Amino acid sequence: MDIEEPNAPTAFELLGGEPGVRALVDRFYDLMDLEPAYAGLRALHPTSLDGSRDKLFWFLCGWLGGPDHYIERFGHPRLRARHLPFPIGISERDQWMTCMQQAMAELAIDAAMAQRLAKAFAGTADWMRNRGG
């Protein structure tokens, strides 16, 4: 994520570094696992969410301006290509966004930061769609 001021802290730093990003990812997957509203999204994931949690954590660390854990392990993220095997439509996109927004709200992430993240997430989430519905 780009921050306009060159010396401004990164989104990664503003979220509290690795502990903050891990908390967000863990809450996101906890909600996905627990809330019936996210059942369609949950169905796209393996029985154990451990690998998914780690991959999203590693990816978000770098995407938010922190260490490039994901790239160090797997190379370029190639997000769309890696998500093509999964049927992702409007419903799945919207469930992902709502789940992430709920996780940010429950963690009391600063409203301006949550809004910035939601806007960035929305573009990426929509780009992951590979079917209409």
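None of these values were measured; they are calculated from a predicted model. Keep in mind that the numbers below use all heavy atoms, side chains included, and drop hydrogens, waters and symmetry copies. The chain is numbered in sequence order, starting from 1.
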Heavy-atom side-chain proximity of M100 to L31 below 4.5 angstrom | no
Under 3.5 Å: donor-acceptor pair, side chain of D110, backbone of M113 | yes
Centroid-to-centroid, F12 to W63, below 6.0 Å?
-> no
With a 4.5 Å limit on heavy-atom distance, are the side chains of C61 and D68 in contact?
-> no
Which atom names give the shortest non-hydrogen contact between L24 and A103, and what distance separates them?
-> CD1-CB, 3.9 Å
Heavy-atom nearest pair, G16 first then P19, reads O-CD, 3.4 Å
Between E13 and T10, is there a donor-acceptor pair closer than 3.5 Å when you use the side chain of the first and the backbone of the second?
-> yes
Does the distance from a Lys or Arg side-chain N to an Asp or Glu carboxylate O, for D94 and R129, drop under 4.0 Å?
-> no
Can you list the residues that meet the side-chain hydrogen bond (donor to acceptor under 3.5 Å, both in side chains) rule with Q95, with sequence neighbours excluded?
-> S91
Atom pair CZ/CD of F28 and E106 - distance to nearest 0.5 Å = 12.5 Å
Using the side chain to side chain contact (heavy atoms under 4.5 Å, CB included) rule, take D33 and H45 through it: C-alpha gap first, then chi angles, then the decisive distance, then the call.
-> CA-CA 10 Å; D33 212 21; H45 289 78; over 6 Å; no
Check the angle between the aromatic planes of F74 and W58 and answer parallel, tilted or perpendicular using the 30° and 60° thresholds.
-> tilted
Is the NZ or CZ atom of R22 positioned over F57's six-membered ring, under 6.0 angstrom from the centre and within 45° of the axis?
-> yes
P67 to E18 - nearest heavy-atom pair and separation = CG-OE2, 3.6 Å
How many angstroms lie between atom OG1 of T98 and atom CZ of R93, to the nearest 0.5 angstrom?
-> 9.5 Å
Can you tell me how far CG of L44 sits from CE of M32, rounded to the nearest 0.5 angstrom?
-> 8.5 Å
Over all atoms of both residues, closest heavy-atom pair of H83 and N130 = O-ND2, 3.4 Å
With a 4.5 Å limit on heavy-atom distance, are the side chains of V25 and L60 in contact?
-> yes
What are the two closest non-hydrogen atoms of M104 and A114, and how far apart are they?
-> CE-O, 3.6 Å
Worked check of salt bridge (charged side-chain N to carboxylate O under 4.0 Å, His left out) between R53 and D30 | CA-CA 10 Å; R53 286 175 192 263; D30 289 347; 2.7 Å; yes
How long is the span from the CG atom in L64 to the CZ atom in R116, to the nearest 0.5 Å?
-> 9.0 Å
Treat each ILVMFWY residue as a node, draw an edge where side-chain heavy atoms are under 4.5 Å apart, and state whether F86 and M128 are in one component.
-> yes
Any side-chain heavy-atom pair of Y38 and Q102 under 4.5 Å = yes
Pair E92 + R131, salt bridge at N-O below 4.0 Å = yes
Should L15 and L117 count as side-chain neighbours, where that means a heavy-atom distance under 4.5 Å?
-> yes
Check whether any side-chain heavy atom of D54 sits under 4.5 Å from a side-chain heavy atom of H69, and report yes or no.
-> no
Would you give the length of the straight line joining atom CZ of R73 to atom CZ of F59, rounded to the nearest 0.5 angstrom?
-> 14.5 Å
